[in-house]
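To start, the structure under review is shown below, and the notes come after it.
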Number of protein chains: 2
Amino acid sequence: MKRQTKISNAVIKRLPRYRRYLRELQKKGIDKISSNEFSNLTGYTASQIRQDLNNFGGFGQQGYGYSVDGLYNEISVILGLDKEYKMVIVGAGNLGQAIANHTYYYKTGFIVCGIFEINPKLIGMKINDIEVMDYDSIVEFVEDNDIDIGIICTTKDAAQEVADKLCFAGVGGLWNFAPVDIETPHHVAVENMHISDSLHSLAYHMNKSQNQEEKK
Amino acid sequence: MKRQTKISNAVIKRLPRYRRYLRELQKKGIDKISSNEFSNLTGYTASQIRQDLNNFGGFGQQGYGYSVDGLYNEISVILGLDKEYKMVIVGAGNLGQAIANHTYYYKTGFIVCGIFEINPKLIGMKINDIEVMDYDSIVEFVEDNDIDIGIICTTKDAAQEVADKLCFAGVGGLWNFAPVDIETPHHVAVENMHISDSLHSLAYHMNKSQNQEEKK
DNA sequence: TAGATTGTTAATCGATTAACAATC
DNA sequence: TAGATTGTTAATCGATTAACAATC
């Protein structure tokens, strides 16, 4: 096993995907897979798969392949999915509600503990047992309940201020759905879900061939 | 102006972001920006910004910089955001509703024309003037209304079948929110929003420093 | 042992950065 | 004209792929 000091983000982004395919294999009762078979399944090259996995350790066995269960568990641990995360959502609009419902139905290690709002009409509402609370009480709540992750489902104008408050209150990560880039202190991780950026690149790809024709 | 036959996806993914920052500059009434200033703002290197833009043409002026309005418009055209896109949503759950509402409030060139469901309880419902219709009628609807984009907000098990149907009916692009990788014919673009993958990489980054300590 | 397949090094490819000539 | 800043080529860096020795 080789020790890698710095693992590139490109590798990390592939791990959840590997894990998804491994889960499907588990469901089908397949207990062993070679990098070549896994390549056919996922579309990544066998070489890349082996290279990626070897950043974290030798999970395979020469002449045999990888144990599906074993690899699934290893990747889960690498990603930190063997732990529980307590989360709060800021913004009880449709998106905030959708996320609250999602995590409620698909029980995972990610638990929504509260939803915060400034709109008084929404405060007091319940979304699947989760109370919508006053945004003013968020710092106290995060501190008292050892919240790990803050989910930002606000407008873009409010997002940075909310982020600052959450960081101050002590979260370790932010999951940002607002269409802005959030600044955080070094020790707070941020993951952006820029939904409309994604739609814009879809638009590009739909017009791509046309653009090329025009140029000819 | 240099002609680039193949533009890398890394470049395309940066364009919506450039555009967002340009929009903010417009709002502030700033009408000119140099690649250096833009670098400070966005965090990309000045070199990369100039390199990216020159894939599409020389939009700047030596000794002056880039016109904010001009560049905003150029990028909009490159992405195809000067056009209108008719869309349908498949799946009227929370996520489908959230997207329907979002596009309704933030009027853009992306128009939701219908939402489709298999659950009879939801069929007939209205979400901001948009009717929830029977999934069985989707092919006819897409054909009759020249729908451009299909938005998949179903479970992962239904996603591929829905994708096939939408492709058959003639959409040009799919925006997939289901946690699977969708296969489409060559000419149909796909953009994935793998929400839980994103949460999983957030979990990794929150544990990263800890992993490194353990290794020492 | 022979066959298969990993782990790992080396080669290639592509993307980012640096440098500078062109030019406004 | 002098100064500034782009457009573009060349250098560097990093990520992917290929090759093969190690080993189960």
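First the proteins, then the strands, lettered A, B, ... as listed; each starts at 1.
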Show each protein N/O and nucleotides 12-16 of chain D N/O combination with a separation under 3.5 Å, one pair to a line.
{"unit_1": "dT16(D)", "atom_1": "OP1", "unit_2": "R14(A)", "atom_2": "NH1", "d": "3.2"}
{"unit_1": "dT16(D)", "atom_1": "OP2", "unit_2": "R14(A)", "atom_2": "NH2", "d": "3.1"}
{"unit_1": "dT16(D)", "atom_1": "OP2", "unit_2": "Q48(A)", "atom_2": "NE2", "d": "3.3"}
{"unit_1": "dT16(D)", "atom_1": "O5'", "unit_2": "Q48(A)", "atom_2": "NE2", "d": "3.0"}

Could you tell me whether the side chains of [X] and [Y] share a donor-acceptor contact shorter than 3.5 Å?
X: H194(B); Y: R20(A); result: yes
X: Y44(A); Y: D52(A); result: no
X: Q97(A); Y: N101(A); result: no

Whole angstrom is fine here: how far is it from [atom1] in [X] over to [atom2] in [N]?
X: F59(A); N: dG7(C); atom1: CZ; atom2: C1'; answer: 12 Å
X: F38(B); N: dT6(D); atom1: CZ; atom2: C1'; answer: 15 Å
X: N55(A); N: dT9(C); atom1: CG; atom2: P; answer: 12 Å
X: L71(B); N: dT6(D); atom1: CG; atom2: C1'; answer: 13 Å
X: L53(A); N: dT8(C); atom1: CG; atom2: P; answer: 12 Å
X: F56(B); N: dT6(D); atom1: CZ; atom2: P; answer: 18 Å
X: R50(A); N: dT5(C); atom1: CZ; atom2: C1'; answer: 7 Å
X: N54(B); N: dT17(C); atom1: CG; atom2: C1'; answer: 15 Å

Return yes when atom NZ of K28(B) has more than 12 non-hydrogen atoms of other residues, nucleotides or ligands closer than 6.0 Å, and no otherwise.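 Incorrect, the count does not exceed 12.
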Under the side-chain hydrogen bond (donor to acceptor under 3.5 Å, both in side chains) test, residues paired with D69(A) that sit two or more places apart: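 Counting only residues at least two positions away or on another chain, D69(A) forms a side-chain hydrogen bond (donor to acceptor under 3.5 Å, both in side chains) with Q26(A).
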What residues form a side-chain hydrogen bond (donor to acceptor under 3.5 Å, both in side chains) with D148(A), not counting sequence neighbours? none
Please work out which of the three classes, parallel, tilted or perpendicular, describes the rings of Y204(B) and F56(A), given edges at 30° and 60°. perpendicular
Which dot-bracket notation, 5' to 3', represents the base pairing of DNA chain C when pairs are defined as Watson-Crick or G-U with both distances under 3.5 Å, crossing pairs as [ ], and inter-strand pairs as |? ..||||||||||||||||||||||
Residue list, salt bridge (Lys or Arg N to Asp or Glu O under 4.0 Å) with R50(B), at least two apart or on another chain: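 Partners of R50(B) under the salt bridge (Lys or Arg N to Asp or Glu O under 4.0 Å) test: none.
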Atom of L174(A), atom of V171(A) and distance for their closest heavy-atom approach: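 Distance-wise, the nearest heavy atoms are CD2-CG2, 3.9 Å.
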For I30(A) and K32(A), which heavy atoms make the closest approach, and how far apart are they?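 For I30(A) versus K32(A), the nearest heavy atoms are CG2-O, 3.4 Å.
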Taking only the side-chain nitrogens and oxygens of S47(B), find out if one of them lies under 4.0 Å from OP1 or OP2 of dA18(C). no
Sort me out a list of protein N/O and nucleotides 22-24 of chain C N/O pairs below 3.5 Å, or just none if empty.
{"unit_1": "dC24(C)", "atom_1": "O3'", "unit_2": "Q61(B)", "atom_2": "NE2", "d": "2.5"}
{"unit_1": "dC24(C)", "atom_1": "O2", "unit_2": "Q62(B)", "atom_2": "O", "d": "3.3"}

Indicate, with a heavy-atom threshold strictly under 4.0 Å, whether S34(A) touches base, sugar-phosphate, or nothing. sugar-phosphate
Between atom CD1 of I115(A) and atom CE of M87(A), what is the distance when rounded to the nearest 0.5 Å? 10.0 Å
